[in-house]
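Everything below concerns the one structure shown next.
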2 protein chains.
Amino acid sequence: MLSNACKYAIRSILYLAINSSEDNKIGVKIIAEELETPQPFLAKLLQQLTRDKLVSSTKGPNGGFYLNEKNLNNAVWDVIISIDGTDKFDNCFLGLAKCDDRNPCPVHFIVSPFKEKILGSFRDKTIEEYVVEIQNTNRVISLKDLDLFEDEGS
Amino acid sequence: MLSNACKYAIRSILYLAINSSEDNKIGVKIIAEELETPQPFLAKLLQQLTRDKLVSSTKGPNGGFYLNEKNLNNAVWDVIISIDGTDKFDNCFLGLAKCDDRNPCPVHFIVSPFKEKILGSFRDKTIEEYVVEIQNTNRVISLKDLDLFEDEGS
DNA sequence: ACCATTAAAGATATTAATATCTTTTACTAT
DNA sequence: ATAGTAAAAGATATTAATATCTTTAATGGT
Ligand code: FES
Ligand code: FES
């Protein structure tokens, strides 16, 4: 439903929203390490997001990526549009040429409400609101540094 | 979430469940046309499903693919396991290394209930039960031959 | 002015998914 | 037996996604 590229991009922008500011810019290297993503690939994605004015950047010493006030008011959906486009979301779960209520595939009415819900979240909430929610409800965008105990038998 | 391959495979098995029988075997060519999928690619997939005993086939004149009673009692989930494996389903929607309730990503509690629901449907219902439901509730597995009127402005 | 730093841009490489082609094998009807 | 049909199997081709490398441009500190 989302490409790896897009997943990296979403987590990156949330990471920047949480950790960066105009006078605390962060380089790709750090971001890639923290999110455990391939560094040069992520660089490409951040460049793309910068071109689309979803993140801000400056070059040179103390340079790096960050989000300004305007960037914080964008939505996750904007990131998806920038990286993946909307197609993947609109497609039928079983590969029909069209996903719609009039000619529903066997799982359409399971998939469709989910899509509405997650699309709503991506589209109607700002990055800033996402951050508040992440912090209030202890959500994670990386598993680095977390104790991951394996599922032991019951 | 599902590869194209897997989507083709699922729709094919449902197609066979609805249209074929021991004495009405159907060739790849027909199936591919009806479902609007690439023919030789679909052939490969059907071979794979046949190896895994999810569909039946015979060669030669009047040969083709069909489902026997046993095949009808498998689940869609078996098709997914055969073609895609389970990984894609288990993965976190935002690309975290692990998807679990203890370290949830920002959308985990939107995604997780959906996953449960669709997985339940795929795993607990037999192909045969799917067919009944498809017929009782007018679901489609192909848009071929359907009038697809474009969405006109309100 | 110069150097170190970091993003931007463009080119290239690798991999996995998708798709097709060719040959072989099994089966049926005549 | 023989010919025709259709799947099975194996090899190949194409495409898209993922990943990396190299060069260039901008910036800040000394
Ligand atoms: S028609 Fe298949 S998900 Fe909507
Ligand atoms: S942790 Fe991301 S979907 Fe479960």
Side-chain angles (χ1 to χ4, degrees), chain A residues 1-12 16 20 22-33 35-68 71 80 82-85 87-88 91 95, chain B residues 1-12 16 20 22-33 35-68 71 80 82-85 87-88 91 95:
Chain A
M1 214 144 191
L2 296 175
S3 66
N4 286 345
C6 200
K7 293 173 187 174
Y8 298 159
I10 293 172
R11 292 199 288 126
S12 292
L16 286 172
S20 79
E22 183 112 25
D23 41 51
N24 181 30
K25 294 157 193 165
I26 306 182
V28 217
K29 205 177 153 195
I30 304 291
I31 306 174
E33 268 168 20
L35 301 184
E36 303 182 280
T37 63
Q39 196 243 253
F41 190 49
L42 185 58
K44 281 287 158 200
L45 299 171
L46 289 169
Q47 282 169 32
Q48 170 70 25
L49 295 178
T50 304
R51 263 195 300 280
D52 285 350
K53 309 241 183 289
L54 299 173
V55 318
S56 308
S57 71
T58 61
K59 300 176 179 178
N62 300 320
F65 296 93
Y66 65 100
L67 300 196
N68 62 26
N71 300 145
I80 294 172
S82 171
I83 303 294
D84 269 358
D87 283 4
K88 291 209 182 67
N91 284 345
Chain B
M1 214 143 189
L2 297 175
S3 67
N4 286 346
C6 199
K7 292 173 186 173
Y8 298 159
I10 292 172
R11 291 198 288 128
S12 293
L16 287 172
S20 80
E22 183 113 25
D23 40 51
N24 180 30
K25 294 156 192 165
I26 307 181
V28 216
K29 206 177 153 196
I30 305 290
I31 307 175
E33 268 167 21
L35 301 184
E36 304 182 282
T37 64
Q39 197 249 176
F41 189 50
L42 185 59
K44 282 287 158 200
L45 298 171
L46 288 169
Q47 282 169 31
Q48 169 70 25
L49 295 177
T50 304
R51 263 196 302 279
D52 285 352
K53 308 239 184 292
L54 299 174
V55 318
S56 308
S57 71
T58 61
K59 300 178 180 179
N62 300 319
F65 297 93
Y66 65 101
L67 299 196
N68 62 25
N71 299 145
I80 294 172
S82 171
I83 304 292
D84 269 359
D87 282 5
K88 291 208 182 69
N91 284 344

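Order of the sequence lines sets the chain letters (A, B, ...), proteins ahead of strands, with each chain counted from 1.
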Legend entry - Protein-nucleotide distance (B/I26, atom CD1; D/dA7, atom P), rounded to Å: 11 Å
Inset, instruction - Have a look at B/K29 and say if it touches a base, only the backbone sugar-phosphate, or nothing, with a 4.0 Å heavy-atom cut-off. - result: nothing
Legend entry - Student check: side-chain heavy atoms of B/I31 and B/L46 closer than 4.5 Å: yes
Legend entry - DNA chain D contacts made by residues 1-11 of chain A, counting heavy atoms under 4.0 Å: A/S3, A/N4, A/A5, A/Y8
Legend entry - Distance test, side-chain N/O of A/S57 to OP1/OP2 of C/dA8, below 4.0 Å: yes
Legend entry - d(CG, B/L42; P, D/dA6) in whole Å: 16 Å
Inset, instruction - Start with the C-alpha gap between B/L54 and B/S82, add the side-chain angles, then the distance that decides, and say whether side-chain contact (heavy atoms from CB on, under 4.5 Å) holds. - result: CA-CA 9 Å; B/L54 299 174; B/S82 171; 3.8 Å; yes
Legend entry - Nearest-angstrom distance from the residue atom CD of B/Q47 to P of C/dT22: 16 Å
Legend entry - Candidate nucleotides C/dA7, D/dT5, C/dT20, ranked by approach to the side chain of B/P38 - the nearest: C/dT20
Inset, instruction - Give A/K25 one of three labels, base, sugar-phosphate or nothing, depending on what nucleic acid heavy atoms sit under 4.0 Å from its own. - result: nothing
Inset, instruction - Using a cut-off of strictly less than 4.0 Å, decide whether A/N62 has a side-chain nitrogen or oxygen near OP1 or OP2 of C/dT5. - result: no
Inset, instruction - For the pair B/N4 and B/K7, evaluate side-chain contact (heavy atoms from CB on, under 4.5 Å) and give the outcome as yes or no after the intermediate values. - result: CA-CA 5 Å; B/N4 286 346; B/K7 292 173 186 173; 4.3 Å; yes
Inset, instruction - Mind calculating the distance between CD (B/Q48) and P (D/dA7) to the nearest angstrom? - result: 17 Å
Inset, instruction - Rounded off to whole Å, could you give me the CD-to-C1' distance for the B/Q39 and C/dT22 pair? - result: 14 Å
Legend entry - Distance, rounded to the nearest Å, where B/F65 contributes CZ and C/dA26 contributes P: 16 Å
Legend entry - Side chain to side chain, A/L35 and A/Y8, heavy atoms closer than 4.5 Å: no
Legend entry - Residue pair B/N68 / B/N71: nearest heavy atoms and the distance that separates them: OD1-N, 2.7 Å
Legend entry - d(CZ, B/F41; P, D/dA11) in whole Å: 18 Å
Inset, instruction - Between A/P61 and B/G64, name the one whose nearest nucleotide on DNA chain D is closer to the 5' end. - result: B/G64
Legend entry - Whole angstrom value for the distance that separates P of D/dT22 from NZ of A/K44: 14 Å
Inset, instruction - Side-chain contact test, heavy atoms from C-beta onward, threshold under 4.5 Å: evaluate it for B/V28 versus B/Q39 and give yes or no. - result: yes
Inset, instruction - Give one of base, sugar-phosphate or nothing for B/P40, where a contact means two heavy atoms less than 4.0 Å apart. - result: base
Inset, instruction - Tell me which nucleotide among D/dA8, C/dA9, D/dA9 gets nearest to the side chain of B/R51. - result: D/dA9
Inset, instruction - Please examine the side chains of B/C6 and B/I10, heavy atoms only from C-beta on, and report whether any two atoms are closer than 4.5 Å. - result: yes
